[in-house]
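Accompanying notes for the structure given below.
Quantities reported herein were computed from a predicted structural model and do not represent experimental measurements. Just the heavy atoms: all of them, side chains too, but no hydrogens, waters or symmetry mates, feed the values below.
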Amino acid sequence: MSNWKHLSVSGGIIVLLILVPLIFTRTDILTFFFLTLLYITLSQSWNILGGYTGQINLGHAAFFGAGALAARYIWLHFGLPLPLAILGGGLAATIFAMIIGFPAFRLRGIYFVIGTLVLAEILRLVFYTILPRADVMPMRLLGAYSLIPRYYLSLLIALLTVAAVYWISRSRLGLGLMSIREDEDAAEASGVDTQRYKLLAFAISTFLTGLAGGIYAYYSAAFRAGGLFEPVWTFDAVIIVFVGGVGTILGPVIGSVFFVLLKQFLSLYLPGGIHVAVFGVLFIIVVLFLPGGLVELITRFRKRTSGGSIQIDS
Amino acid sequence: GADAQAAPKTIKISSVLSLTGKMSGMGTQIKPSYEIFADQVNAKGGIYVKKYGKKIPVELRVLDDESDGLKTQTQLEVANSWGAVANLGGLGCGSFEMGTPICQKNKMVWVGPGCGGWMPHQLGNEWLYSIFFKTPFFSPLVFDMIQAQPKPWPNKVAIFEINQMDAAEAGLYWKQAAKMKGFKLVYHKKYLAGTKDFSAMITGAKAAGAEILLAYPLPPMGPAIVKQMKELDFSPKVVYWHRAPEGAKFGSGLGELADYVHVPCAWSPDLKLPGNDYVIEQYKKKTGKKEADLIVGTAYTAFQVLAAAIEKAGTLDRKAIRDAVRATDMETVCGRIKFTDQGWAKDRLIVVLQWMGGKTNIVYVNEHGKKYGDKVPVKPLKWQPKWSER
Amino acid sequence: MTFGLVAQTFVNGINIGAMYGLIAVGLSLTFGVMKILNVAHGEFLMVGGYMAFWLFTLFDIDPLLGLPLIGIALFLLGAICYKLLFSGLARFHEETKVKNTLLVSFGLFLIFPQVARWLWTGDERAITPVYSGESFPILGVRCGYVPLAGLLVAVVVILALHLLLTKTYFGKSIRATTENWKSAKLMGINVDRTYLITFALGAALAGLAGVLVGMTQSVAPDMGMQWTLKALIVLVLAGIGSIGGAFFAGLILGVVEAVSANLPYIGPYTVALGLVIFLLILMLRPQGLFGKEG
Amino acid sequence: MILEVKNLLKAFGGLVAIRDLNLAVNEGEIVGLIGPNGSGKTTLFNLISGVLKPDKGEIRFNEIDITGLKPHKVCQGGIARTFQLTKPFMQMTTLQNVMIGRTYGSEPVRSMRQAEGECERILEFVGLGGKRLSLVATFGLVDRKRVEIARALATKPRLLLLDETMAGLNPSEMEDALRLVKAIGDSGITLIVVEHVMKVILDISSRLMVLNYGEIIAEGTPQEVVRDEKVVEAYLGE
Amino acid sequence: MLEVNNIDVYHGDLQALWDVSLKVEEGELVSLIGANGAGKTTAVETISGLHTPASGTVIFNGVRLDKEPTHKVVELGVCLIPEEKGIFPGMSVLENLELGAFTSESRKARGETFEAVYRLFPVLEERKKQVAGTLSGGEQQMLAIGRALMAKPKLLMCDEPSLGLAPLIVKSIFEVIKQINKSGVGILLVEQNVRAALGLAQRAYIIENGRVSGHGDAKSLLDDEKVRDAYLGTG
Ligand SMILES: Nc1ncnc2c1ncn2[C@@H]1O[C@H](COP(=O)(O)OP(=O)(O)OP(=O)(O)O)[C@@H](O)[C@H]1O
Ligand SMILES: Nc1ncnc2c1ncn2[C@@H]1O[C@H](COP(=O)(O)OP(=O)(O)OP(=O)(O)O)[C@@H](O)[C@H]1O
Ligand SMILES: [Mg+2]
Ligand SMILES: [Mg+2]
């Protein structure tokens, strides 16, 4: 596709997304749009570290949770303006990531995977203990609660995240990150400071995750602090990335839409627990038969219909 | 005036429950209870709504929240958009705390068997009604119960406190009440949800000479604590727990090991209040179980209250229904229900049950229950003997 | 603390630790040896627990006597899962394999608890043979029969496994297959069958552990993931691939948890404390307590 | 002197892989490095390029001490290398592989467009011009080795370490590779070449060093060295 | 003894071999030569059962191999030393050798074969406790050959045994291959080092771009002009 076509398609989609609250007024539909956008940010940010840099972070929830908690406190409990609070969420997640990043990246491969998993688990347990109560939005805010500003804010942050990944994938930085994913020794030998770029990727990834947390803090009528660190936040992001297509820009976007639609559709039309099992089966099928994710399906389809050769699009 | 034209075909009522996931044990007990009530009402043509001048059948839509608070919220949004006039809640403070703010924001009343936690009611949520009593009022019961027995009374108290809101509240009020009533706290440990091994705490409580064990364990932990108490030969005179002994499989699963465990409840199949026979019979028919689970009556009551409120409101307007719920004052299968301004049922009948031989006996009833006389048959309480003497 | 309390705490720790060890050893086979990161390991454990429950309630078979039967059943279940889901992934390069098996087994983790809920409802189930909870005193310390049996089963199973892996041709073929899949084939090893059996053995071990968990605690459909996590932690603590180490690391973790549960202030964080220790060890000794350097 | 190694020592546990080694390489030279399997050639490369830290000794590049620097620093300083077991970035295109060298190496270009232009010229130079958008994973051994060399060249090294780039090539492919190496030498880059194929090594090296058990046992012009008795005994055979 | 008839082999969508046929007689040493990526490795791996031909047959002593899994092929006496040597790096030299004798038949004769292998490579006996991954390249190659001999093969296929080895070792490896052949084992040798391979072999096949482009007596191929131009270089 030419650049122009790319631009006009993306522009069209953005305009449609801006129109969404004007078209749909049902709270459930708006909620699903909101969640899809939240998942796009959550999974795309995971993709930066996991997909592009090759560092499987199973502690993603830790940074989402840190961002959400920080934002909520700054906003509701310290009374600072919302944009500052959400930014604060992103920063809190990043600072936390940098503190643990130095030791964590001493761990290679599977040790990093399990180390991050355990990190989130520790936070989950600790926060369930020190903040056992749900954090409920004050009644005065609940009375005036509207999904529309929440929707637009999540749209903004999702667009920001996708744009960030687009820029990274086309930049020198992206090349460096991918080289780390492919072979750390060879990356070093080509002049890439792998430790530094891993940390940088970690910082960007966690900053965006923290923003996702911030948005959630703004959205959520109530949450339990420990629940923000539940492994589902990590696993949902991982599932979305792999189902959509790991290491691609479109993957997490398509994956999020698919994920929210499918889960919701199944739970409404296949009740009695079947939906959970069916989702599991579908997920396995995608992993086994579509290693490149849904994005691969699309490129295959395009290849077949156009008959032309495809270029490697990273 | 009656405007048959505008009358909706059904009264849409949603119920967001945990049918899968960690809390599904409770959710799957509540669902048949609600269905029994809906069938009962619909068999008579539905609820009379004055505005339309006729009876309208109830349409109950149960939505699974997968025991996940976020899902509780999105399912309530689905219920909202579907046009539910009210929501019947599930159990557990998690879903309660996470879900009711959504009801507040969407202005839809939530009536549920509820949770013991008092805190959620103190936030000013005007749409939340729980027919259960709250921690400060039922926590002292255990000591009242002991002091209602012939002396000598056991005196040394141990508390195992799980890191959850209602348990923390209960812990606090247990401590206060113990002090006021002359009991001595000898052991108090907090632990994380997910702890599977209790031997350390049991060893500690035993070493401290505890005679009364108070705890708030989740259902899957019940068997573990009992077995480990036996293994470590710890036999306090009173074992008084919330939650785990309410589980459907506590008695049948543990058999004799379950004996002597106490649990406070808002309902028991032994209550002789009007309507209970029907509920129990229908429940057994519907589920094929031999006994009605302890949550059955409480859930049924929630629907009783809601239906009465709709009829009294005479319209399907959500706010009018909410106001009618708030003004509830009625007798139910659980006794009298009357709400405070904070939405919790005050002056509730509470019974303390003791497991014995695979079923529960009422061994104590609070002052609000005493009014019902023989309708609440109380049996004598037995102190737990040493394991070697059982 | 008195001597009695200290001793009792240690015995408690060893009891639970043996269970951790047994669970970790099963995972050590699939993950440590084959690099199949099976996050549904705990689900096999859950199924094992429910099988024991069935045998006990429906056929009145003592869970300890049922162990071989359950081992075989879980072995078959593991074999089926492997054949259907993992066999295609076995030949991938290590990191890809870890990633893909993680995802596939995550799918299993979504499915198994739901199936269990259909079969056994969402309620917890306890297995209570007559001797359940029985114990005897030694020097004032209570030793339960069931935990003791658990310890015994764990030790026997782990010894047998160790011998199998180091002394038999089959064990060597397992190791060879992991080290170099293609070469192993060229040695005349039936690689597919070796993997299948190894995976199934891992599942069987999880099943045995499930029986013991069911006897000392209870089984519930959603119990799996917690045990998988525990097993992973023990495994990394020990050093990936160290079978005997996994058992000892399990014991150590059990004792640490038991002791810390009785300490002031730390009490409520006991579980988290184990994890913190784990992270510290990982930072200082990434190869684990019992792993070889390099 | 572009590279100077003094009293270098490296042991793995009890095994001494590099034993008190001294050597010097002049600007513009092509030095051949040979020696039996396990004599320490790759280890020496790993020490120079910073992959391994020496136990003792000093490495100076352009009069600057680079001992113990991280590999990326060494690369940015102007030393590039290839790997005996090739390590191209498999799931990336040829062009991307080379771009990494160009944008991170010793004279990094920040502009992607400029880097792309230069990299295309490098790809032409090594003979991969037609495959700039193919994934390296689809390549055979020869092309993978070419990618490695191109990537190393793209870092703009002043010293290039080639570790058995000819292994696995047949004689006629070897001749192509030989021409390539010579052209690299002609462009002013100093080379240290490890090879087992004597024909190649004799052809290109201006000077030859022989490593055995981590020590240099012979050094000189190729003609001198191949006649050295110790070399014949340890390496060449009768 | 070995007969490959008109096989086509694919790697995924990519065809690597077109209509390849070749033969190895009892006790013969046959060489397979060709440029990089010509398909030599693919050919021997297909014989070993690592790839399944899309068409054509592989017959060994009257038994169809092309549908059998690798371990069956090995049991029948066809062994391959793969290009990347494929030793088990974390296991001891002894364990590596033991695994060589994995098939039940070779397991019985283990004692004798051990002796024979140690006689051929004394260094393996000295190092039998050492972890194989720490051996030097040359020693690993010896281990790979020794391990293959443990299986008591009837046909031994070596994929580029000289790759990356010092000249001294290359010479001795070729010497060993010759000896093994003399003891009656058929050998199919894949080599880049065309001159050495043709010097050793009785017959040879040339593979170009996945097709057999020529075959014949090794000596005559050595003199063939086209072969000289393509594979022996001008030097
Ligand atoms: N990381 C390591 N750990 C332990 N020993 C090592 C390590 N790297 C190399 N060695 C040992 O050091 C010695 C020198 O190895 P090196 O790879 O430098 O040899 P080489 O000369 O490159 O051989 P070849 O020609 O076979 O590539 C060998 O005995 C090898 O086994
Ligand atoms: N696993 C694979 N996937 C895709 N293509 C492959 C694979 N293995 C080999 N090929 C391709 O098949 C063709 C034949 O490869 P093969 O390895 O058989 O050649 P070869 O003659 O052994 O070469 P070399 O001398 O490099 O060892 C080559 O074009 C190669 O790129
Ligand atoms: Mg080397
Ligand atoms: Mg080959």
Side-chain angles (χ1 to χ4, degrees), chain B residues 18-29 66-67 161-163 188-204 206-208 218-234 244 247-250 252-258 287 293 387-388, chain C residues 1-2 4-5 8-9 11-13 15-17 19 53 57 113-114 117 120-128 130 132-135 137 141-147 213-223 226-227 229-230 254 257-264 267-272:
Chain B
S18 305
L19 298 176
T20 55
K22 289 191 182 79
M23 302 294 293
S24 60
M26 290 297 190
T28 45
Q29 290 165 45
E66 297 167 26
S67 309
E161 183 184 319
I162 192 171
N163 63 335
H188 184 186
K189 270 279 183 279
K190 298 185 180 176
Y191 69 96
L192 292 172
T195 301
K196 284 181 278 310
D197 182 41
F198 294 88
S199 40
M201 279 182 278
I202 291 169
T203 307
K206 183 184 170 193
L218 288 164
M221 307 292 95
I225 307 187
V226 174
K227 289 179 193 169
Q228 285 168 3
M229 277 171 60
K230 181 172 180 195
E231 240 150 48
L232 298 167
D233 196 27
F234 176 46
K249 296 295 180 302
F250 185 77
S252 61
L254 275 171
E256 284 174 13
L257 290 181
T287 59
D293 297 313
W387 288 101
S388 51
Chain C
M1 274 207 264
T2 62
L5 187 54
Q8 184 69 61
T9 303
V11 170
N12 297 343
N15 286 341
I16 185 91
M19 210 128 69
F53 168 75
T57 49
Q114 189 48 47
R117 243 172 259 131
W120 298 291
T121 78
D123 302 305
E124 83 286 359
R125 305 288 187 149
I127 306 162
T128 44
V130 279
S132 166
E134 293 289 340
S135 62
V141 175
R142 308 290 315 188
C143 299
Y145 289 113
V146 174
V213 170
M215 287 177 78
T216 49
Q217 305 178 2
S218 64
V219 278
D222 293 284
M223 68 194 289
Q226 301 162 4
W227 287 105
L229 261 180
K230 203 74 164 198
E257 284 188 3
V259 171
S260 65
N262 267 324
L263 298 178
Y269 300 98
T270 299
V271 187

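Minimum interatomic distance between Ser218(C) and Pro220(B) (heavy atoms only, all atoms of both residues): OG-O, 2.5 Å. Taking both residues in full, the closest heavy atoms of Arg117(C) and Leu19(B) are given as CD-O, 4.1 Å, listed atom of the first, atom of the second, then distance. The two residues Thr216(C) and Gln228(B) come nearest to each other via the heavy atoms O-NE2, 4.4 Å. The nearest pair of heavy atoms linking Thr20(B) to Gln114(C) is CG2-OE1, 3.1 Å.
With a 4.5 angstrom heavy-atom cutoff, Trp227(C) touches chain B only via side-chain atoms. Of the atoms belonging to Thr28(B), not a single heavy atom falls under 4.5 Å from chain C. Using a 4.5 Å cut-off between heavy atoms, Gln29(B) contacts chain C through its side chain alone, with no backbone atom that close. For a residue to count as touching a neighbouring chain, one of its non-hydrogen atoms must lie under 4.5 Å from one of that chain's; by this rule Met223(C) does not touch chain B. Using a 4.5 Å cut-off between heavy atoms, Leu254(B) contacts chain C through both its backbone and its side chain.
Interface remark: of the candidates Pro219(B), Ala207(B), Gly204(B), Ser18(B), Pro219(B) forms the most heavy-atom pairs closer than 4.5 Å to chain C. In terms of heavy-atom pairs under 4.5 angstrom with chain B, the leader among Cys143(C), Pro137(C), Pro113(C), Pro147(C) is Pro147(C).
Inspection of the Ser199(B) and Asn15(C) side chains reveals no N or O donor paired with an N or O acceptor under 3.5 Å.
Contact of the Lys227(B) side chain with the Thr128(C) side chain is registered, since non-hydrogen atoms from C-beta on lie closer than 4.5 Å.
Of the possible donor and acceptor atoms, none in the side chain of Ser135(C) sits under 3.5 Å from a partner among the backbone N and O of Leu232(B).
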Worked verdict on Lys230(B) versus Glu134(C) for side chain to side chain contact (heavy atoms under 4.5 Å, CB included): CA-CA 7 Å; Lys230(B) 181 172 180 195; Glu134(C) 293 289 340; 3.1 Å; yes
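A distance of 10.0 Å separates CD1 of Ile225(B) from CD of Gln217(C), quoted to the nearest 0.5 Å.
When the shell of 6.0 Å around CD of Gln226(C) is examined, it contains more than 12 heavy atoms from other residues, nucleotides or ligands.
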